[in-house]
Amino acid sequence: MSIRTQEGQHEGPTPSRSKYPLAAQVLGYLLGTIWFAFLAVSGDERPGWLRAAYAVVALTFAVGAAATTVNHFRERRRGGSTVH
């Protein structure tokens with residue numbers, strides 16, 4: 001079975017289809033980043049591996065916020081439709 005697309009069938013990445021506005025998406029990521037960063041640096045009674053895991057989750061949320069924002073502005077610059 002061939003996985004090639006027909007000529008003219010693929011027009012690039014699909015536009016964002018989120019039902020939430022950009023500000024709400026980024027706010028959620030930022031709140032997650034702040035919360036997990038707080039958990040990573042507080043609570044000396046937590047084991048080191050758990051604090052490291054919290055730090056990784058906080059970093060993942062921060063990367064998600066950056067990626068969402070970059071993708072939104074790339075779509076706008078390209079003239080793609082975005083959900084507001």
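On a predicted model such as this, the values are computed, not experimentally measured, just so you know.
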| With the 4.5 Å side-chain cut-off for hydrophobic clustering, are Trp35 and Val57 part of the same group? | yes
| request: Look up atom OG1 in Thr60 and atom OH in Tyr29, then write down how far apart they are to the nearest 0.5 Å. | output: 10.5 Å
| Straight-line distance of Ile34 CD1 to Phe61 CZ, nearest 0.5 Å | 11.5 Å
| said: If hydrophobic clusters are built by linking Ile, Leu, Val, Met, Phe, Trp and Tyr wherever their side-chain heavy atoms come under 4.5 Å apart, do Val70 and Leu30 end up in the same one? | reply: no
| Inter-residue atom distance Thr69.OG1 - Arg74.CZ, 0.5 Å rounding | 12.0 Å
| message | For the OG1 atom of Thr68 and the CZ atom of Phe73, what is their distance to the nearest 0.5 Å? | response | 11.5 Å
| note | Between Tyr20 and Gln25 the two heavy atoms that sit nearest each other are O-NE2, 2.9 Å
| request: Keeping the roles fixed (side chain from Thr33, backbone from Ala62), state whether a donor-acceptor pair exists under 3.5 Å. | output: yes
| request: Consider only side-chain heavy atoms of I, L, V, M, F, W and Y, link residues closer than 4.5 Å, and tell whether Tyr54 and Phe38 are in one cluster. | output: yes
| Leu39/Arg51 under side-chain contact (heavy atoms from CB on, under 4.5 Å): CA gap, chis, key distance, verdict | CA-CA 7 Å; Leu39 290 175; Arg51 294 173 76 179; over 6 Å; no
| Distance-minimising heavy-atom pair for Ala58 and Ala37 | CB-N, 3.6 Å
| query | For the atom pair CG (Leu50) and CD (Glu45), what is the distance rounded to the nearest 0.5 Å? | reply | 10.0 Å
